[in-house]
Amino acid sequence: MMDRIQSYFGFTKIPFGRDLAPGMLHLHAAHGEAMARISWCVSERSLGVITG
């Protein structure tokens, strides 16, 4: 499937991968809030639920 997508759009490599540097990611307020809540759960040794 990825081969067909690459050839259709003329990509020389897969443009979306898991090898992005953290600085290339778009961070916004909701991300900061989620990280704060996760950090709190970890520090308090509490249970939390992540949905998305």
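Just so it is clear, the model here is predicted, and its values are computed rather than measured.
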Exercise answer: donor-acceptor pairs, residues 38-49 side-chain atoms, under 3.5 Å, sequence neighbours excluded:
from, atom 1, to, atom 2, distance (Å)
Ser39, OG, Met35, O, 2.9
Ser43, OG, Ser39, O, 3.3
Ser43, OG, Trp40, O, 3.0

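Remark: Ile50 CD1 is loosely packed, at most 12 non-hydrogen atoms of other residues, nucleotides or ligands lying under 6.0 Å away.
Evaluation of the side-chain hydrogen bond (donor to acceptor under 3.5 Å, both in side chains) test over residues 2-12, restricted to residues two or more places apart or in two chains, returns none. Residue pairs meeting the side-chain hydrogen bond (donor to acceptor under 3.5 Å, both in side chains) criterion with at least one member in residues 27-38, sequence neighbours excluded, are Glu33-Arg37.
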